[in-house]
Structures are given as C-alpha cells and as structure tokens.
K.L.:
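First the structure, then my questions, so here it is.
Here the structure is a predicted model, which is why all the values come from computation and not from measurement. Excluded from the calculations below are hydrogen atoms, water molecules and symmetry mates; all remaining heavy atoms, backbone and side chain alike, are included.
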Amino acid sequence: MIVTVAPDVAGLDGKEFDYLVPDKLAGQVRVGSVVRIDLQGRRVRAWVVATGSEPPPGVPLKPIAQVSRGGFAPEILELARWASWRWAGRIVHLLDTATTATARVTDGVSAAPGVTLVRVPPAAPLPMFRNALAVQGRRSSAWASVDRCDAVVVYDEHDEALKEERVPAWHARDVAVERARRAGVPCVLVSPCPSLEALTVADRVVEPSRAEERAGWPILDVVDRRGDDPRSGLYSRHLVDTIRRHEGRAVLCILNRKGRLRMLACRACGEVARCERCDAAVGQPQGALVCERCGSERPVVCLACGSTAMRTLRVGVGRAQEEMDALLGPGRVEVGTEALLHAAPANVGVVAFLDFDQELLAPRYRASEQAMALLARAARILGPRAGGGRLVAQTRNPKHAVLDAVQHADPSRMVAAELERRRALGFPPSTALAAVSGAAASEFIDALGAPLGVDILGPVDDRWLLRSPDHATLCDALATAPRPKGRVRVEVDPLRV
C-alpha cells in the first residue's frame with residue numbers, strides 16, 4: 001500500500017510525499033495516523049493524509065519506518081485543510097493540535113438544527129445538550145476526535161482564550177461552527193455576553209426571561225469619579241464603604257497595570273520620566289527606573305533637571321496594594337490584574353475595577369466587548385444577585401453603553417450601537433481583517449501586490465493591516481501570495497487592533 005504523508009518539518013510549507021507501507025504495518029495505517037519516516041537523512045514525524053496513492057512512474061519509494069501512537073479521525077483532515085486556508089497558516093500546526101486534542105461528550109436536551117446562540121446569565125447553570133462535543137476551557141477540544149456526536153457546543157464563546165495565539169491563529173468558535181456544518185449536526189454557542197461575530201453567524205438567539213437574567217447578574221455600582229479630587233487616589237469613599245460592609249468575605253480589586261509605579265513625572269520640572277535608550281516611559285517596580293520596552297535600568301534621576309523626586313501619574317498594582325493595606329489593613333483586600341479573576345478565592349463579596357476607563361477607552365476596536373467580558377467573569381465569581389455580592393466599576397464615563405448594559409442585566413443594550421460603530425469604521429464583523437508583521441513583512445506585502453477587494457493599511461510600527469469585505473476574498477489573496485524566506489506572521493482575525 002502507498003500513502004501520502006505531510007511531514008512535520010519547518011520550511012516544507014505543507015508539502016506532501018508518498019511512502020510505502022510495509023506489510024507488517026498495513027493494518028495500522030489510515031488517514032490521520034501518525035508515522036515516522038526517513039526524510040533528508042533524519043527520521044521525522046508525519047501524518048498520513050491519503051491512502052492508495054499513485055506515485056509518479058519510475059520514482060523509488062521509501063518505506064514508513066514505524067507507526068506512532070495518537071492521530072485523528074479522517075474527517076478532521078478536511079477541516080484542517082479548510083482552517084489552514086481560513087487562517088493562512090501551515091496545516092501541520094493544525095494536525096499537531098488535532099493529534100492530542102481531547103473533549104468530553106455531554107448529555108442533556110436535543111439541540112435545534114443550524115447555529116443557535118444561547119445567552120445565559122453569568123451565575124446561571126449552563127445548559128447541556130445530548131451527545132454533544134463540548135468545547136469548554138480548552139480551545140483544542142474543537143479538534144478532538146470522537147466516535148459520534150449529535151451536536152457541537154462552545155461554552156463562553158466570547159472568551160479570548162478560544163483564539164490560538166500562534167499562527168495559524170484559529171478561533172475555536174469558528175472551527176466548531178464549520179465542523180458542525182460539515183458533519184450536518186447542530187452547533188450551539190453559549191455566552192453571557194455574546195460576541196458580535198457569534199450574533200452575526202447565529203441562525204437564532206435564545207434569551208432568558210428578564211427575571212432570570214436579572215437574577216443571574218450581581219448588582220453593579222457605577223462610581224462616577226468626575227467630581228472627585230484628583231489627589232484622593234484610587235479608592236473612592238463609596239468603594240471603601242462597600243468593602244467594609246462585606247466584612248468576612250474576600251475582596252478583589254482589579255487594576256490592569258503591573259508594577260508599583262506606572263507613568264512617573266519629575267516633581268521639580270514636570271518632565272515625564274523616559275528611557276534614555278529608547279525614549280519609552282519608565283516605571284519604578286522597586287528602587288530604580290526600569291524600561292519595560294528595552295529592559296534598561298537607571299537610578300531615580302530626572303534626565304531634564306537632575307532631580308531625584310518623582311510623582312506618580314498612574315500607579316500600578318504594587319503601589320495600589322500598598323495604599324489599600326495602609327487604608328484597611330494588610331491582607332484585607334487583594335489587588336491585582338485581571339489574572340485574579342482566573343484564580344479567585346471562595347466567598348468573594350466584592351469585585352472592584354479601580355480604573356475601568358482604561359478598559360472602556362482602550363485603543364482597540366473590541367474594547368467594549370473586552371470590557372463586557374471582564375464584567376461577566378467578575379459577575380460569575382460573585383454569583384447571583386440574591387447572594388449579595390457587589391460589582392463596582394470606578395469610572396469617569398458612567399453612561400457608557402457597557403456599564404448601562406450590565407446595570408440593566410441586558411448585554412443586548414450595547415449591541416446595536418456597537419455594530420453600527422464597527423460598520424462605520426470598517427471593522428469586523430462587517431469586514432475581514434489580517435495583521436502582517438515580522439522581519440520579512442514588507443517583502444510579503446510587496447509580493448501580495450494589490451489584490452482586488454483587499455485594502456492594505458500601514459505600516460504602523462512595522463505592521464500592516466489587510467482589510468476585505470469578506471473572508472473568502474481575504475483568504476484567497478493570502479493563499480496565493482508567495483511567502484518570503486524571512487519570518488512573517490500573518491494573523492487573520494486579530495483580536496487586539
């Protein structure tokens with residue numbers, strides 16, 4: 001028997017080769033099997049992508065050396081071929097993920113045909129579906145081989161963790177939708193705050209009753225800090241009072257700025273403290289000024305006037321923790337980045353975002369969705385409204401659509417305005433985007449040319465954006481562009497632009 005294999009070798013860019021299967025291994029080899037082959041003087045891993053192949057006449061074939069453990073179901077191969085086109089990457093990276101992917105199969109109610117989006121409040125129990133492959137917690141589960149499934153379900157489809165960081169930067173939600181379509185089974189997307197992409201692809205949206213949704217969200221206190229004295233620090237009187245009312249329960253304060261001091265200025269001349277090497281702003285994690293961009297470190301001295309006295313324009317979590325300990329006592333409140341929300345202790349009574357404006361006003365097109373997702377994760381930690389937990393957001397934008405939606409326990413209140421804004425600015429889901437970066441990015445852009453229907457924006461910081469009305473146009477253009485020898489990162493559907 002002759003098989004075609006795809007070697008796991010960098011630089012071959014998905015090239016495939018024919019090999020003989022020795023008689024002793026014939027019963028162990030099928031599409032999806034992992035094998036070892038001799039290639040260019042060394043033994044490498046490869047995946048069987050076809051059987052019964054016809055090699056070119058007169059070409060001697062080498063035998064497969066051995067069959068390894070693992071592999072994937074044959075239907076996964078075509079899904080991987082589609083995904084390598086959809087996210088402009090090498091298929092072997094996807095086959096590698098599929099080889100080790102595992103998933104659980106749930107039992108519950110039957111799913112409706114097509115793509116159903118189910119909105120479930122953060123503190124409500126998750127729905128279960130009969131004989132469904134569940135993508136929950138691990139994005140690789142979307143690639144798992146299972147004997148049979150009657151549905152594919154993605155839980156927390158809005159979660160950015162479902163997006164692969166390496167290229168090809170596939171998204172488990174989109175892989176699941178395509179997998180279900182190819183298998184002819186329903187796909188269910190579950191989320192407390194559905195992404196606009198999910199709302200666009202869904203055939204139907206199932207919403208809870210108003211009573212159920214209100215019960216599943218904790219009360220959100222929006223603390224308007226526009227009238228506060230700038231010298232009053234991070235902790236408003238309302239927040240301090242709320243913490244004291246929840247004595248005996250854990251309190252988490254979220255500030256997505258690491259370190260002790262962030263953004264310093266000279267007390268004498270007002271000059272912002274910058275790195276003398278790369279001109280970036282410096283922080284003060286301990287007793288020196290440190291640049292996070294290039295790693296340079298120097299004493300606490302102003303480069304403009306020589307003063308050693310600095311004032312803080314924005315504090316980081318280290319300094320914020322020190323101030324909280326001085327205010328309410330050590331160990332009473334834990335201050336940290338959003339990582340605290342992923343390892344929260346039991347019996348949390350308050351989750352407070354100390355400077356929520358940096359989430360709402362972040363220079364990213366998905367800032368509102370990302371801010372909503374943070375509030376939803378915090379709400380899940382606090383539990384239902386009847387539990388008495390309190391969600392606090394300190395802001396100078398109290399009427400922002402995200403805060404309004406959470407206060408009313410109705411994420412849909414921000415959807416219409418956000419969709420219109422995305423459409424006006426030319427951002428997904430109304431368009432398709434790809435980011436191109438790396439040492440050879442300019443060569444790739446030159447080779448790409450000016451394909452019909454694709455706008456090339458940039459470069460900004462040696463990064464280009466490609467924009468197209470749909471993924472078919474964009475991905476076809478990326479698939480036909482020759483890749484230079486240097487390093488190029490092509491990320492389709494970048495989350496942070």
Side-chain angles (χ1 to χ4, degrees), residues 5-8 27-36 44-49 66-84 86-87 89-111 115-116 118 120 125-191 198 342-343 377 380:
V5 302
D8 185 14
Q28 306 175 43
V29 177
R30 60 172 177 79
V31 173
S33 295
V34 182
V35 298
R36 293 282 174 175
V44 301
R45 181 175 68 160
W47 291 273
V48 177
V49 296
Q66 69 181 75
V67 179
S68 302
R69 297 179 61 183
F72 50 81
E75 63 269 18
I76 297 295
L77 175 62
E78 291 308 312
L79 182 66
R81 292 191 190 280
W82 168 81
S84 69
R86 172 64 173 76
W87 285 281
R90 296 177 60 218
I91 190 173
V92 292
H93 292 310
L94 302 166
L95 300 183
D96 181 44
T97 299
T99 299
T100 57
T102 59
R104 64 189 180 95
V105 177
T106 64
D107 190 23
V109 301
S110 297
V115 179
T116 302
V118 181
V120 178
L126 295 174
M128 295 292 135
F129 296 88
R130 182 174 302 142
N131 202 31
L133 184 151
V135 180
Q136 184 176 18
R138 290 194 303 255
R139 57 178 172 262
S140 62
S141 297
W143 295 97
S145 297
V146 293
D147 292 336
R148 172 176 170 266
C149 68
D150 295 328
V152 182
V153 183
V154 182
Y155 292 97
D156 285 345
E157 65 78 24
H158 66 278
D159 194 341
E160 289 190 358
L162 294 178
K163 174 79 168 174
E164 175 61 54
E165 296 177 358
R166 302 170 299 172
V167 291
W170 50 272
H171 198 295
R173 176 196 59 234
D174 300 323
V175 172
V177 170
E178 179 66 15
R179 180 173 183 174
R181 186 192 68 80
R182 288 169 176 266
V185 301
C187 183
V188 182
L189 308 176
V190 181
S191 173
H342 297 266
R377 181 174 288 276
R380 182 171 291 168

K.L.:
For the residue pair Val135 and Tyr155, establish whether any side-chain heavy-atom pair is separated by less than 4.5 Å.
P.N.:
no
K.L.:
Side chain to side chain contact (heavy atoms under 4.5 Å, CB included), that's the test. Do Arg166 and His93 meet it? Break it down for me.
P.N.:
CA-CA 9 Å; Arg166 302 170 299 172; His93 292 310; 5.7 Å; no
K.L.:
With rounding to the nearest 0.5 Å, note down the distance linking CH2 in Trp82 to CZ in Arg181.
P.N.:
8.5 Å
K.L.:
Could you point out which residue of Arg90, Arg36, Arg45 forms a salt bridge (charged side-chain N to carboxylate O under 4.0 Å, His left out) with Asp8?
P.N.:
Arg45
K.L.:
Does this structure show an ion pair linking Arg139 with Asp159, if we count only N-O contacts that are shorter than 4.0 Å?
P.N.:
no
K.L.:
Salt bridge between Asp156 and Arg380, side-chain N to carboxylate O under 4.0 Å?
P.N.:
yes
K.L.:
In the structure I gave you, are the side-chain heavy atoms of Glu75 and Arg182 within less than 4.5 Å of one another anywhere?
P.N.:
no
K.L.:
Closest approach of Asp107 and Arg130, non-hydrogen atoms and distance?
P.N.:
OD1-CG, 3.8 Å
K.L.:
Trp143 and Leu79: side chain to side chain contact (heavy atoms under 4.5 Å, CB included), yes or no, with the steps?
P.N.:
CA-CA 9 Å; Trp143 295 97; Leu79 182 66; 3.7 Å; yes
K.L.:
Look up atom CH2 in Trp47 and atom CG in Leu94, then write down how far apart they are to the nearest 0.5 Å.
P.N.:
9.5 Å
K.L.:
Which heavy-atom pair separates Val92 from Pro7 by the least distance, and what is that distance?
P.N.:
CG1-O, 3.4 Å
K.L.:
Apply side chain to side chain contact (heavy atoms under 4.5 Å, CB included) to the pair His171 and Glu164, showing each step before the final yes or no.
P.N.:
CA-CA 6 Å; His171 198 295; Glu164 175 61 54; over 6 Å; no
K.L.:
With a 3.5 Å distance limit and no angle check, can you tell me whether Arg173 reaches the backbone of Leu189 through a side-chain donor-acceptor pair?
P.N.:
no
K.L.:
First locate atom CG of Asn131, then atom OG1 of Thr106, and finally report the distance between them rounded to the nearest 0.5 Å.
P.N.:
8.0 Å
K.L.:
Taking side chain as C-beta onward, heavy atoms only, is Val175 less than 4.5 Å from Arg86?
P.N.:
no
K.L.:
Would you compute the distance between atom CZ of Arg69 and atom OG1 of Thr99 and round it to the nearest 0.5 angstrom?
P.N.:
13.0 Å
K.L.:
Measuring from atom SG of Cys149 to atom CZ of Phe129, what distance do you get when rounded to the nearest 0.5 angstrom?
P.N.:
13.5 Å
K.L.:
Does Ser145 have any side chain to side chain donor-acceptor pair (under 3.5 Å) partners at least two apart in sequence or in another chain, and if so, which?
P.N.:
none
K.L.:
Can you tell me how far apart CG (Leu162) and CD (Gln136) are? Round to the nearest 0.5 Å.
P.N.:
10.5 Å
K.L.:
Should Leu77 and Leu95 be marked as a side chain to side chain contact (heavy atoms under 4.5 Å, CB included) after you check the CA-CA gap, both sets of side-chain angles, and the distance that decides it?
P.N.:
CA-CA 8 Å; Leu77 175 62; Leu95 300 183; 4.2 Å; yes
K.L.:
Could you tell me whether a side-chain N or O of Ser141 sits under 3.5 Å from a main-chain N or O of Thr102, the two making a donor and an acceptor?
P.N.:
yes
K.L.:
So, for Pro74 and Arg30, which heavy atoms are closest and what is the spacing to 0.1 Å?
P.N.:
CD-NH1, 3.6 Å
K.L.:
I need the minimum non-hydrogen distance between Ala111 and Ala151, along with the two atoms involved.
P.N.:
CB-CB, 4.1 Å
